[in-house]
**Student:** 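Attaching a single structure in structure tokens format; questions to follow.
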There are 2 protein chains.
Amino acid sequence: MNLQQLRYVRETVRRNLNLTDAARALHTSQPGVSKQIREFEEELGVDIFERHGRRFVALTPPGRELIGIIDRILLEVDNLRRVGENYAAGDSGRLTIATTHTQARYVLPRVIASFRERYPKVRLSLQQGNPSAVARWVLSGEADIGIATESLDHLEDLIALPAYTWTHSVVVRPDHALANSGALTLQAIAEYPIITYSKEFTGRSHIDEAFAAQGLAPDIVLTAIDSDVIKTYVELGLGIGIIASVAFDPERDRQLKCFEAEQLFPINTTRVAIRRGAYLRDFTIAFIESFAPDLTRERVIEAIGSNRTADAE
Amino acid sequence: MNLQQLRYVRETVRRNLNLTDAARALHTSQPGVSKQIREFEEELGVDIFERHGRRFVALTPPGRELIGIIDRILLEVDNLRRVGENYAAGDSGRLTIATTHTQARYVLPRVIASFRERYPKVRLSLQQGNPSAVARWVLSGEADIGIATESLDHLEDLIALPAYTWTHSVVVRPDHALANSGALTLQAIAEYPIITYSKEFTGRSHIDEAFAAQGLAPDIVLTAIDSDVIKTYVELGLGIGIIASVAFDPERDRQLKCFEAEQLFPINTTRVAIRRGAYLRDFTIAFIESFAPDLTRERVIEAIGSNRTADAE
DNA sequence: TATCCTTACGGAATTCGTAAGCATG
DNA sequence: CATGCTTACGAATTCCGTAAGGATA
């Protein structure tokens, strides 16, 4: 048994049991992967993959049990590497953050600016996608941490720590009928065409819930994953916009009038997601702390509940 | 990085940082271990062992973090093997039980008899020792499960499940002054020489607590780890004996008179200990269930809280 | 001076890539 | 017949043992 065999099995499972794909992804030859998997199965005495002729069609029952263990082993192997880097190259390395557009565009810039000042030698990369992709990237290890407002709970191997809360705002053109009204109501908003986020994004589910709770059927004429796109179409007069409050910039968005809507829609919580059992580099924890000062180093270590010993600086 | 390197590091730590010992224990050459450890350290970029000249004198800080991760990896590697065996050779294999004398002599025989009937192809082995040795064997993987009454709690990586409770009995010779008294008291017992278990064994701590709580200083003239030894010396007239109630056999022990002492000494709980995160073979779980019917298969799987998927037969 | 880790070196075993084979959809 | 796993084989690498070296307590 060796680690390479475990990697081959894991990758083959991840690639929908396509061994050829797995070999390509691992930059190695397909027969090599085939042989190693065979030998691994022989050593364990059980088949991991159910084969129809020469094709893999499913995991066997022992295969399903093994894959969970294999995932944990390879996670811990990554952790060994990270511990090494943390001590050997404390302030340099790479930090991959999976997140959504709103975070990347409106929240992270100031955090990243200060992070880069403190850790100039860390190479940052942002993986942008929808919240379930964010969760997937963190779970697979492609990203170190994930930041999103939805879809980060209800996953056993994902730890989602609340970072901050925020509310939506309504934006309209200055010449819109609602522009000079007093306090907005959901009823009033529902009379006009609406532009807001796509399903799954940036608290959209809370928007839908709020309307549904009052039996309203809003006319959502356009959705986007992107606050800038929403604002652009509001400016064009296509409807009124519902966006995250952080996405309104009084300086830039002079063509729009903004109403805070914290009374109308439920409060949203943006969370930082970490893979359970993953070892976090010091600078990763520092990033989280700088993103959400409530999440102190101690609380993060406590929450991931593993690996890091108490005396680790 | 490979698994062999991890084994070398773990064994060296277990052997008090003596690499030569570790190599011997692993049936390999000492220079081979040295080289592999060096290469592993180089790959990670940190030293694991602190060296004075050419001697290992301590773990470095990263070393302390790494060793925990290494232990988990190697545990999971064992788990892979066990899953394989569980499916490939379901009803055969080896089950090692670490336990104390009282359990091995008075409690386990009937459990083992029925277990052997159900799983005739499983080779059983009993590792007998004091409770802290039991804990150590389970933690190191030398035993699959541990059964003991003391010293099994307060260890993070050990899960101790309550199996059954029991109380002590007092045994005396029929010609002893107490033989025909009514209900015994601690005061009465403390007047005579006492023979009972050694420190750490079979509820001895509860016996001491009971006397101490009443300010009594019993005259313990002889201690043994072994109920049979205790009974033998009681028969010789050296004193009165305090033993686990299960260790009294009315058939065999006709030369002794036995008083149940559940009022005098606190109740004892015998526990089954499992290493956290270890995969248990089906027959291991069956053994536990047969030892303590309260510990059903579901509750055991729940308690170890890992590895085994819900659908595992 | 005994213990114990490191270095050097050579043979054995393992790993991995290329080429060809064969079964399924 | 295209896709996709397996078999065969040879080269490169890795692993591991023996022998010798050097440092500490």
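Every value quoted in this text rests on a predicted model; they were computed, and no experiment measured them.
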**Student:** Whole angstroms only, please: what is the CZ-P distance between A/R15 and D/dT3?
**Tutor:**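 Rounding to the nearest Å, CZ of A/R15 and P of D/dT3 are 18 Å apart.
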
**Student:** Tell me what B/I37 touches on the nucleic acid: a base, only sugar-phosphate, or nothing, going by heavy atoms under 4.0 Å.
**Tutor:**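 Result for B/I37 = nothing.
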
**Student:** For the pair made of CD in A/Q4 and C1' in D/dC15, what is the distance, rounded to whole Å?
**Tutor:**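 Value for this atom pair: 16 Å.
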
**Student:** Starting the side chain at C-beta, find the nucleotide from D/dC5, D/dC15, C/dT15 nearest to A/N2.
**Tutor:**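 Taking heavy atoms from C-beta onward, the closest nucleotide is C/dT15.
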
**Student:** Counting only side-chain nitrogens and oxygens, does B/T28 get under 4.0 Å of the OP1 or OP2 atom of D/dG17?
**Tutor:**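 B/T28 to D/dG17 OP1/OP2: side-chain N or O found under 4.0 Å.
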
**Student:** Does a side-chain N-to-carboxylate-O contact under 4.0 Å join A/R118 and A/D91?
**Tutor:**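 Looking at A/D91 together with A/R118, the answer is yes, because their closest N to O distance falls below 4.0 Å.
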
**Student:** Do the side-chain N or O atoms of A/T20 get closer than 4.0 angstrom to the phosphate oxygens (OP1, OP2) of D/dT3?
**Tutor:**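 No, because none of the side-chain N or O atoms of A/T20 sits under 4.0 Å from OP1 or OP2 of D/dT3.
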
**Student:** Is any side-chain N of the basic residue among B/D71 and B/R275 closer than 4.0 Å to the acidic one's carboxylate O?
**Tutor:**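 No, B/D71 and B/R275 are not salt-bridged.
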
**Student:** Out of curiosity, A/I225 CD1 to A/Q128 CD, how far, rounded to the nearest 0.5 Å?
**Tutor:**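 Those atoms lie 6.5 Å apart.
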
**Student:** When you get a sec, tell me which of C/dC16, C/dT7, D/dG4 is the closest nucleotide to the side chain of A/N18?
**Tutor:**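 Nearest nucleotide to the side chain: D/dG4.
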
**Student:** How many Å lie between CD on B/Q36 and P on C/dA13, as a whole number?
**Tutor:**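 The distance from CD of B/Q36 to P of C/dA13 comes to 17 Å, rounded to the nearest Å.
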
**Student:** Calculate the interatomic distance between A/K35 atom NZ and C/dT14 atom C1'; express it in whole Å.
**Tutor:**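 Distance check: A/K35 NZ to C/dT14 C1' gives 9 Å.
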
**Student:** Assess whether a salt bridge exists between B/R81 and A/E43, defined as any Lys/Arg side-chain N lying under 4.0 Å from an Asp/Glu carboxylate O.
**Tutor:**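 Salt bridge: yes.
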
**Student:** At under 4.0 Å between heavy atoms, which parts of nucleotides 18-25 of chain D does protein reach? Answer with one letter per nucleotide, 5' to 3': B base, S sugar-phosphate only, - none.
**Tutor:** BB-BBBBS

**Student:** Could you give the CG-to-C1' distance, from A/L19 to C/dG17, as a whole number of Å?
**Tutor:**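 Interatomic distance, CG of A/L19 to C1' of C/dG17: 15 Å.
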
**Student:** Please tell me which of the listed nucleotides, C/dC5, D/dC15, D/dC5, lies nearest to the side chain of B/E39?
**Tutor:**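 Of the options given, the side chain of B/E39 lies nearest D/dC15.
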
**Student:** Could you tell me whether A/R94 and A/D144 make a salt bridge, using a distance below 4.0 angstrom between a side-chain N and a carboxylate O?
**Tutor:**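 Salt bridge absent between A/R94 and A/D144.
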
**Student:** Rounded to the nearest angstrom, tell me the gap between atom CZ in B/R38 and atom C1' in C/dA8.
**Tutor:**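 Atom-to-atom, B/R38 to C/dA8, this comes out as 16 Å.
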
**Student:** How many whole angstroms separate atom CG of A/L26 from atom C1' of C/dG17?
**Tutor:**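 So the two atoms are 15 Å apart, to the nearest Å.
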
**Student:** Are B/E85 and B/R82 close enough for a salt bridge, meaning some N to O gap below 4.0 Å?
**Tutor:**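 No, no charged N to carboxylate O under 4.0 Å.
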
**Student:** Categorize A/Y8 for me: base, sugar-phosphate, or nothing, with a 4.0 angstrom heavy-atom threshold over every strand shown.
**Tutor:**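 Here A/Y8 touches the backbone only, sparing every base.
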
**Student:** In whole angstroms, how far is the C1' atom of C/dT3 from the CG atom of B/N16?
**Tutor:**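 Rounding to the nearest Å, CG of B/N16 and C1' of C/dT3 are 15 Å apart.
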
**Student:** Could you tell me whether the side chains of A/Q127 and A/T96 share a donor-acceptor contact shorter than 3.5 Å?
**Tutor:**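 No pair is found: no donor N or O on one side chain lies under 3.5 Å from an acceptor on the other.
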
**Student:** Which nucleotide, C/dT6, D/dC16, D/dT7, lies nearest any side-chain atom of A/S34?
**Tutor:**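 For A/S34, the side-chain atoms sit closest to D/dT7.
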
